[in-house]
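In this chain, numbering begins with 1 at the start of the sequence shown. In each ligand, atom 1 is the first atom listed, and ligand 1 is the first ligand listed.
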Amino acid sequence: MTYLNADLHCHSRVSDGTLSPEDLAARAKANGVELWALTDHDEVGGQHRALAAARAQGMAYLTGTEISVTFADTTVHIVGLGFDPDDAQLARGLAATRGGRAERAQEMAAQLAQVGIRNAFEGALKFVGNPDLISRTHFARYLVETGVCKDTAEVFRRFLTEGKPGYVPHRWATLGDAVRWITEAGGLAVIAHPARYRFTATEEYALFSEFKQHGGRGVEVVTGSHTAAEYVTYADMAQEFGLAASRGSDFHSPDESHTDLGTLPPLPGALTPVWELLAHRIQRPAA
Ligand code: AMP
Ligand code: MN
Ligand code: MN
Ligand code: MN
């Protein structure tokens with residue numbers, strides 16, 4: 001396997017990132033990324049801009065998204081890569097998945113008001129680039145802006161997560177639907193940052209085996225949310241389950257993300273990179 005600086009996971013203002021697709025493309029290029037994918041949460045609205053920006057930068061591109069899924073009462077993220085960005089079934093599925101975010105946000109604000117944090121809905125909305133996609137990240141930015149917390153990491157320790165003020169559980173897509181929407185649109189489904197989920201070994205095994213049964217083919221091994229030890233754990237899991245491996249920073253913002261675009265270590269050897277399975281879906285700039 002020849003080394004390729006691929007970064008197949010990041011967010012723009014179309015979901016909960018702070019940069020435009022164009023600024024992300026420029027930053028990826030400046031950091032040496034050779035193959036890029038923008039993977040906004042539950043949304044493909046930035047794909048045509050990202051592709052055009054990648055072309056303008058002379059960088060190869062794979063379409064991307066990150067779908068919110070509920071599995072075993074836990075939110076799991078499934079990244080889709082290399083699909084047709086105009087696929088109608090995928091668009092409908094993502095629209096249904098986004099639905100309910102506004103009501104959830106109102107409930108989050110009501111809970112925050114009970115602990116003395118006022119106007120959180122309006123405050124979060126100021127940070128939203130896409131009105132369909134108000135997320136916990138936007139609330140986190142408001143709590144930092146108002147000085148309630150010093151950074152977003154502190155927000156997610158004290159608020160917005162299970163058992164803390166501002167946490168509103170939500171039913172997202174099913175695992176089977178998310179994998180099917182991606183696959184039937186010509187793409188490849190990838191389990192995002194598996195070490196982030198607080199699963200028992202049995203639940204994690206169920207996630208990987210059901211994902212495989214639904215036609216999922218990849219897992220993120222090297223991501224901004226994994227430690228070096230977790231790279232090894234999930235390299236082993238990829239081999240055990242016959243999954244290809246992906247690499248992505250999960251970059252959201254120059255002010256918040258500890259891992260910049262294109263700066264992660266390479267995938268451990270012996271794994272099949274997802275981009276080898278997606279060679280026919282890569283959009284290459286004109287030579
Ligand atoms: P939502 O889709 O509204 O539930 O928001 C999920 C987003 O919140 C994730 O994609 C991250 O960007 C952010 N997030 C969740 N947990 C954390 C955390 N512990 N630290 C930083 N960001 C987090
Ligand atoms: Mn996010
Ligand atoms: Mn995620
Ligand atoms: Mn992400």
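Minimum interatomic distance between C149 and R158 (heavy atoms only, all atoms of both residues): SG-NH1, 3.8 Å. In plain terms, the two heavy atoms of F121 and A102 that are nearest each other are CE1-O, 4.0 Å.
Of the protein's heavy atoms, R101 NH2, 3.0 Å lies nearest to atom 2 (O) of ligand 1. Of the protein's non-hydrogen atoms, the one nearest atom 6 (C) of ligand 1 is R136 NH2, 3.7 Å. The protein atom (non-hydrogen) at minimum distance from atom 14 (N) of ligand 1 is F156 CZ, 3.3 Å. For atom 7 (C) of ligand 1, the closest non-hydrogen atom of the protein is T137 OG1, 3.4 Å.
Contacts with ligand 1 closer than 4.0 Å are made by no heavy atom of R157, backbone or side chain. The part of D16 lying near ligand 1 is the side chain, judged by heavy-atom distances below 4.0 Å. Heavy atoms of H11 found under 4.0 angstrom from ligand 1: none, in either backbone or side chain.
With hydrogens and angles ignored, the 3.5 Å screen pairs no side-chain donor or acceptor of K164 with any backbone N or O of F156. In this structure, the side chain of H11 engages the main chain of T39 through a donor-acceptor pair within 3.5 Å.
The pair R136-D16 fails the salt-bridge criterion, with no side-chain N (NZ, NE, NH1 or NH2) lying under 4.0 Å from an Asp/Glu carboxylate O. With salt bridges taken as basic N to acidic carboxylate O contacts below 4.0 Å, one links R171 and D73. A salt bridge does not link R98 with D42: every distance from a Lys NZ or Arg NE/NH1/NH2 to an Asp or Glu carboxylate oxygen is 4.0 Å or more. R49 has a carboxylate O that lies under 4.0 Å from a charged side-chain N of E22, or vice versa, which qualifies the two as a salt bridge.
Residue contacts to the Mn ion (ligand 3): H77 brings an N, O or S atom closer than 2.8 Å. Here D250 fails the criterion, with no N, O or S atom under 2.8 Å of the Mn ion (ligand 3). Among the atoms of H11, an N, O or S atom falls under 2.8 Å from the Mn ion (ligand 4). Here H193 reaches the Mn ion (ligand 3): one of its N/O/S atoms is less than 2.8 Å from the metal.
Hydrophobic clustering (ILVMFWY, side-chain heavy atoms < 4.5 Å, transitive): V128 and V168 are in one cluster.
In this structure, E66 has no heavy atom closer than 4.0 Å to ligand 1. Judged by the shortest distance from any of its heavy atoms, R104 lies inside the 4.0 Å radius around the atoms of ligand 1.
The shortest N/O to N/O separation between H252 and ligand 1 falls below 3.5 Å. Every N/O-N/O distance between W172 and ligand 1 stays at or above 3.5 Å.
Residue-environment remark: CD (E122) exceeds the threshold of 12 foreign heavy atoms within 6.0 Å.
Atom OE2 is the N/O/S atom of E66 found closest to the Mn ion (ligand 3).
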